[in-house]
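Sharing a structure below in structure tokens format, with a few things to ask.
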Number of protein chains: 2
Amino acid sequence: MAIDPHSSRALYRQLADQLRSKIYSGELRPGAQLPTERELMDQYDASRNTVRLALGQLANEGLTVSGRGRGHFVRTSAPLLFLATRSESTDRRATTANDAWTTDVVSQGRTPAQTIEVSIVRPPENVASLLELEEGETAAMRKRVRTVDGEPNSLSMSYYPMSIVGTSEIIQPHDIVRGANRVLAEIGHDQVRYTDQITARMPTPYEQDTLRIGAGIPVHEHLRVGYDAADIAVRVAVTILPADRHIIQYELTSAQR
Amino acid sequence: MAIDPHSSRALYRQLADQLRSKIYSGELRPGAQLPTERELMDQYDASRNTVRLALGQLANEGLTVSGRGRGHFVRTSAPLLFLATRSESTDRRATTANDAWTTDVVSQGRTPAQTIEVSIVRPPENVASLLELEEGETAAMRKRVRTVDGEPNSLSMSYYPMSIVGTSEIIQPHDIVRGANRVLAEIGHDQVRYTDQITARMPTPYEQDTLRIGAGIPVHEHLRVGYDAADIAVRVAVTILPADRHIIQYELTSAQR
DNA sequence: GAGTGGTCTAGACCACGTC
DNA sequence: ACGTGGTCTAGACCACTCA
């Protein structure tokens with residue numbers, strides 16, 4: 001139980017190992033307070049910096065949170081929200097006055113809200129190349145910040161080539177109740193095929209701030225490219241999902257696999 | 001460009017901010033060396049611990065790597081490998097002597113290898129409940145460690161209820177060339193439907209070690225449940241994918257969305 | 001051997017939460 | 001008022017890399 005100061009493994013790593021195993025084993029349950037830094041210093045005869053290195057390690061693994069004047073605590077696994085990426089049936093959206101996401105969230109008994117911002121931009125390079133934009137060509141961006149029960153939930157940016165949507169409702173800074181996808185269909189670019197790419201990374205400071213993401217929590221970056229019947233990319237949607245609040249779910253039948 | 005010691009923002013955060021923006025802006029390109037700790041101490045008139053706090057922050061964001069005796073460097077974005085979760089056509093597997101994953105990797109011009117380990121275990125709670133196992137009921141686990149071009153690539157654990165596979169080839173500790181899924185089909189449990197769940201988190205120390213994952217790199221946890229024609233869960237596959245080496249990709253047609 | 005990061009100590013002041 | 005974590009300093013020794 002004690003610590004070997006002559007081990008080749010750094011003191012602070014040994015300390016982190018012991019605390020971590022107490023968390024994994026359940027001896028320290030979610031929400032439980034860890035010993036104070038003072039106690040750990042005394043117990044392991046280590047300096048405060050060393051103790052804080054160990055605690056910082058756990059925080060960066062997403063295992064603990066801390067607060068000035070409070071203490072260090074085992075992170076409580078937040079109640080998880082599902083992102084149903086494949087909806088049960090496509091016709092549902094037609095039967096409601098809300099967009100697909102709002103309907104999804106309401107069906108889970110939560111309260112959704114979102115702000116929408118529309119602008120004309122040069123998209124990031126990876127998006128521009130997926131949309132096959134020429135050098136300097138622009139796209140309409142509809143950016144959403146979504147909240148559930150008042151807590152920030154996700155960040156979503158949809159890009160549409162101006163050459164396609166330049167005169168449509170999509171460039172208006174309003175919520176489109178029937179869905180932007182329906183507008184695309186109305187102007188002759190119904191999406192018939194999608195490619196999804198999912199990456200994971202640590203959040204940028206902007207994302208940490210906007211979505212109130214704690215230390216040690218990664219984000220999913222979910223990117224969806226929509227193609228019309230002529231196999232032209234008409235929409236790229238990039239969604240940032242804090243990983244402590246989201247499980248991405250897909251339903252597939254064996255023909256697809 | 002200088003730093004305000006009277007700002008409410010901590011010194012080490014300001015320092016991290018400046019270095020980070022140099023990385024994002026491209027002034028410090030991937031592979032470039034950051035100033036040495038000594039130089040930063042002099043330049044910003046800060047103590048070494050403060051400088052190290054700033055550099056540690058960047059490392060935890062996955063932006064930099066460092067090594068004793070070498071220096072701090074901007075992380076080079078590794079060449080990314082695609083995990084094609086939906087293959088182009090299902091018949092391909094029948095035409096080759098290799099399993100689906102091996103075929104995928106070879107088609108990308110890389111060299112795959114894997115070790116397989118088979119055991120009878122009580123699965124983790126979430127898996128047990130997806131398989132609807134009774135209290136104490138066991139499952140066969142086929143665990144793979146996969147490498148590509150000699151580098152560790154992914155960790156995969158497939159669970160099959162013993163009540164279904166207890167007498168089949170699946171519990172033999174050998175590679176099954178025609179695929180375990182085919183064996184399942186042969187014993188009357190062809191999978192006709194899948195549910196995928198994708199989560200992201202920081203790796204455990206075991207995963208960091210086995211897959212050689214650097215600090216600040218999260219992992220995808222990809223979980224696939226396979227159901228047979230009677231809608232019984234016959235297989236749960238959990239795959240751990242280091243996020244710096246993997247993009248998860250899905251292809252969907254509009255009928256599925 | 002010189003320079004780099006990795007680890008560790010001892011002490012200090014401050015901001016915040018709780019009582 | 002007191003105890004907590006947040007920030008910062010000044011110094012030390014060690015292990016590794018590279019010329």
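Numbered from 1 within each chain, the chains take letters A, B, ... in sequence-line order.
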**Prompt:** Any side-chain N or O of A:Tyr12 less than 4.0 Å from the OP1 or OP2 oxygen of C:dT7?
**Reply:** yes
**Prompt:** Under 3.5 Å, is there a donor-acceptor pair linking the side chains of B:Arg144 and B:Gln114?
**Reply:** yes
**Interatomic distance where CD belongs to B:Gln33 and P belongs to D:dT17 [whole Å]** = 15 Å
**Prompt:** Between B:Gln197 and B:His222, do the side chains contain an N or O donor and an N or O acceptor separated by less than 3.5 Å?
**Reply:** no
**Prompt:** Closer than 4.0 Å, any side-chain N/O of A:Ser66 to the OP1 or OP2 of D:dT4?
**Reply:**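 No, A:Ser66 has no side-chain N/O under 4.0 Å of OP1/OP2 on D:dT4.
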**Request:** Answer yes or no: does a side-chain N or O of A:Arg13 lie under 4.0 Å from OP1 or OP2 of C:dT7?
**Result:**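 The answer is yes; a side-chain N or O of A:Arg13 sits under 4.0 Å from OP1 or OP2.
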**Message:** Under a 3.5 Å cutoff, is there a donor and acceptor pairing between the side chains of A:Tyr250 and A:Asp196?
**Reply:** yes
**Prompt:** Counting only side-chain N and O atoms of B:Thr50, is one of them less than 4.0 Å from OP1 or OP2 of D:dT7?
**Reply:**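 For D:dT7, OP1/OP2 do not have a side-chain N/O of B:Thr50 under 4.0 Å.
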**Message:** Any carboxylate oxygen within less than 4.0 angstrom of a Lys/Arg side-chain nitrogen, looking at B:Arg13 and B:Asp17?
**Reply:**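 Looking at B:Arg13 and B:Asp17, the cut-off is not met.
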**Asked** In whole angstrom, what separates B:Glu39's CD from C:dG3's P?
**Response** 12 Å
**Request:** Return the value, rounded to whole Å, for the distance between atom CE of A:Met41 and atom P of C:dG11.
**Result:**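 Nearest whole value for this atom pair: 9 Å.
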**Request:** Let me know the distance between CG of A:Leu34 and C1' of D:dT4, rounded to the nearest Å.
**Result:** 14 Å
**Request:** Round to the nearest Å and state the distance from B:Arg38 atom CZ to C:dG5 atom P.
**Result:**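 Spelled out: CZ on B:Arg38 to P on C:dG5 is 11 Å.
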**B:Gln14 CD to D:dT7 C1', straight-line distance once rounded to whole Å** =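 After rounding, the gap between these two atoms is 12 Å.
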**Asked** Does OP1 or OP2 of C:dG5 have a side-chain N or O of B:Arg52 closer than 4.0 Å?
**Response**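 No, outside the criterion.
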**Request:** Starting from the 5' end of DNA chain C, give me the residue, A:Asp45 or A:Arg68, whose nearest nucleotide shows up first.
**Result:** A:Asp45
**Item:** Nucleotide nearest A:Leu11 when distance is taken to its side chain, options D:dC8, D:dG6, C:dC8
**Value:** C:dC8
**Prompt:** Quick one: B:Tyr44 OH to D:dT7 C1', roughly how many Å, whole number?
**Reply:**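 Whole-Å distance recorded here is 18 Å.
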**Request:** Indicate, yes or no, whether a donor-acceptor pair under 3.5 Å links the base of C:dG6 to the side chain of B:Arg48.
**Result:** yes
**Request:** Using distance alone, with no hydrogens and no angle criterion, decide if A:Tyr44 and A:Gln18 have a side-chain donor and acceptor under 3.5 Å apart.
**Result:** yes
**Prompt:** Rounded to whole angstroms, how far apart are CG on B:Leu55 and P on C:dT7?
**Reply:**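 Taking CG of B:Leu55 and P of C:dT7, I get 14 Å after rounding.
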**Complete:** Of the listed C:dG5, D:dC8, D:dT4, the closest approach to the B:Glu37 side chain comes from C:dG5
